[in-house]
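Residue numbers start from 1 in every chain, and the chains themselves are labelled A, B, ... in the order their sequence lines are given, proteins ahead of strands.
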Amino acid sequence: MSDGQHSKFTFAQFESLRKYSTTNPLRVIAHIDLDAFYAQCETVRLGLDPNVPLACQQWQGLIAVNYAARKFGISRHETITEARKKCPGLVLAHVATWKEGDAKWDYHDNPDIATHKVSLDPYRRQSQLIFKIFYDSCGKVEYGGLDEAFLDLSMLVYEKACAEYSKLAALLYLKQEEGRMNDFMPLPEISQEGLTWDGELVPLDPDKDTPDRAVDWDDVLFMLGSKIIKGVRNKVRYELKYTCSAGIAQNRVLGKLCSAYKKPNNQTILRHDAVRRFIATLNFSKIRGLGGKLGHEISRHFSVPEDGSIPFLLQISLQDFVLALGDETGNWLYNIIRGRDASDVKPRTEIKSMLSAKNFRPNIVTYQQAEKWLRIFVADIMGRILEFGNSTPGGAIRIPKTLVLHHRHANAGSSSRQIAIPACQSSNLEDTLFHTAKVLYRQIEKEKEGSMYPCYQMSMAVSGFDSTVSRNHAIEGFLVKSATKFEDVEESVEREITQETSVAKSSPSKKGSIDEFLGREQQLSNNCYVDAGLNCQDTADGKTASAIGDSSKSDSDIDSFVCSDCAKRIKFEDAEEHQDWHFALSVAKKFRQEKEHQSQPSVPPPISQNEKRDTAVKRKAGNSVCNGPSSKGPKLEKGQRKLFG
DNA sequence: TAGCTCTAT
DNA sequence: CGATAGAGCTA
């Protein structure tokens, strides 16, 4: 390393990577974004080549357009007619729908907006599989929607660096012994050419782009991060057939901006020395949180040029921002346009709420219609609670505690009501939800003094899922009951999982991708079914009712049985599909358990213990602001911000 | 807690 | 655009 030169970073800062400190200048954050996700899902489901132009259709509109189709100038928010004109070969895949009266969503050929409702469950399923890969490679993953995630790679790159640079590890150990962790590190003994980047580099600031620019540890860690992300993306691509784009940077906001830099199927690294220049090129409305009203208000108030110039905004003083926007938002904005964001990657695993909604094309005009839709909402949400809700450690489903109903009149305003869901057992949940929804509907009706129609939209949402540890007694009751009456639940869950893994092993990667989707690829679902049939019992007398024509079932339900896994009555003809569904469910369940396992802040203690606060950020000017107690940033990076006045 | 608003994909 | 999710503000 060069004479007299040392790293910009201290050993303490490096060491604190293990603690995921949000103010650590060395931290490495990645954002991963699936390319035109819904469209890719449909391509995979239909077993098509990704080069086939395809768009995901919802009624007469497009909600996702794959990159092949974008070459024809097709974008979202076009009608299918317009799109087809631009590209006659365009494949239009309509999203799955529920048909009124059906027990489950399906892919219907020409769904009628008047009688069907969209289901995004197929995408949720694929999303779960993809997130599983994320979690397997990084313990700290934030869910950013079905198709995007933030990964905090700090600990991983720390470990990788220690493993790959033995000198560093030795030195680190020494410094700890000596209690000299605040010493600056030596520069890594690597030349610019010695760095092997996976992905695209954002060009450096011109003034920093000197030929003899020394490599520092931030570069090394980003390089390691780029390798990790490349590996993750490869897994997603080769195991699940999805491409995605990623950004690697020092915080969430930059990571996200970065993942959009090179769009389909690529990843971009934003080194520290490239941040200023990179940000300067952006329209500030691209920054997360500035795309909406707040951004517009800022533009108006400060007369920001059309292009959303960030250099323009950089000239505005912190005081002016605070004056106009208040303390928190003002500080946040001041820092964010300088690329500073100390928000944490929140390991978010559990879904907090579920919403089922429908816009009524022809507005509905009678209570009978409304009730039919309520029924569908309930079925939809019930299915999602079972498949995507979080199960308790014991394997029982989590029961939400509030239910919200929204009603929008076509002309008059909208209103919503919410209420606690009465205590119930898993087996009663669907009925309970339906009943409660009707109660809410009546309440709204009362409030509106009967003038409910024409109704333009309704939605139903559940929230308040048991957060982790505290247990719902109703669930325990259910658990115990099932266990004694039928069999040990844990055991059945285990068997389910065992089947699933053996299945996965015995048929590694299957041929036709058409059915490979929805867990439907299992011819083994036959095997799976026969075994799992043991789990499907008639609630009335505990008798086994297998799909293979068990004649001993009760007369009242000759063509159906109650699945004890989900307490639903299933027609025999639907049994196979139902088992496939449970298969997907078991994958999800296993996935979640692993997640819970991983999300324990597993900070291994290889080296230090006596470490105190990480001294972090040695930035100039805005520094005190950036790290000031009130301006923690994360509070503000999402949701509503106080607007002027 | 209830109801609404804002943001985002 | 439409379906969905998360979070903040206010009373």
Electrostatic pair [X]:[Y] at N-O distance under 4.0 angstrom:
X      : Y      : result
A:R384 : A:D380 : yes
A:K86  : A:E82  : no
A:K263 : A:D33  : yes
A:E387 : A:R124 : no
A:E297 : A:R300 : yes

How many Å lie between [atom1] on [X] and [atom2] on [N], as a whole number?
X      : N     : atom1 : atom2 : answer
A:Y123 : C:dA3 : OH    : P     : 13 Å
A:I287 : B:dT7 : CD1   : P     : 15 Å
A:L405 : B:dT1 : CG    : P     : 19 Å
A:L325 : C:dG8 : CG    : P     : 18 Å
A:L120 : C:dG2 : CG    : C1'   : 9 Å
A:E148 : B:dA8 : CD    : P     : 11 Å
A:I130 : B:dT9 : CD1   : P     : 17 Å
A:R76  : C:dG2 : CZ    : P     : 13 Å

Checklist entry - Which pairs count as side-chain hydrogen bond (donor to acceptor under 3.5 Å, both in side chains) when at least one residue sits in residues 53-66 of chain A, sequence neighbours excluded? => result none
Looking only at side-chain N and O atoms, does [X] come under 4.0 Å of OP1 or OP2 in [N]?
X      : N     : answer
A:K256 : B:dT9 : yes
A:K352 : C:dA7 : yes
A:R124 : B:dT9 : no

Checklist entry - For residues 355-372 of chain A, which residues have at least one heavy atom under 4.0 Å from DNA chain C? => result A:L355, A:S356, A:A357, A:N359
Base, sugar-phosphate or nothing for [X]? Non-hydrogen atoms, less than 4.0 Å.
X      : result
A:G61  : nothing
A:G292 : sugar-phosphate
A:Q60  : nothing

Checklist entry - What are the residues of residues 408-419 of chain A, sorted by number, that bring a heavy atom to within less than 4.0 Å of DNA chain B? => result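 Within residues 408-419 of chain A, the residues near DNA chain B are A:S414, A:S415, A:S416, A:R417, A:Q418.
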Checklist entry - Are the aromatic rings of A:Y367 and A:Y441 close, with centres under 6.0 Å apart? => result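 Yes, the ring of A:Y367 comes within the 6.0 Å limit of the ring of A:Y441, centre to centre.
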Checklist entry - In terms of the nearest nucleotide of DNA chain C, which residue is placed more toward the 5' end: A:Q58 or A:M354? => result A:Q58
Regarding [X] and [Y], do their side chains bring together a donor and an acceptor under 3.5 Å, going by distance alone?
X      : Y      : answer
A:N265 : A:R233 : yes
A:Y123 : A:Q40  : no
A:T22  : A:D344 : no

Checklist entry - For the side chain of A:K293, counting heavy atoms from C-beta on, which of B:dT7, C:dT4, C:dG2 is nearest? => result B:dT7
Item to check | Given B:dA2, C:dA5, B:dA8, the nucleotide with the shortest approach to the side chain of A:T402 | outcome: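 Of B:dA2, C:dA5, B:dA8, B:dA2 is nearest to the side chain of A:T402.
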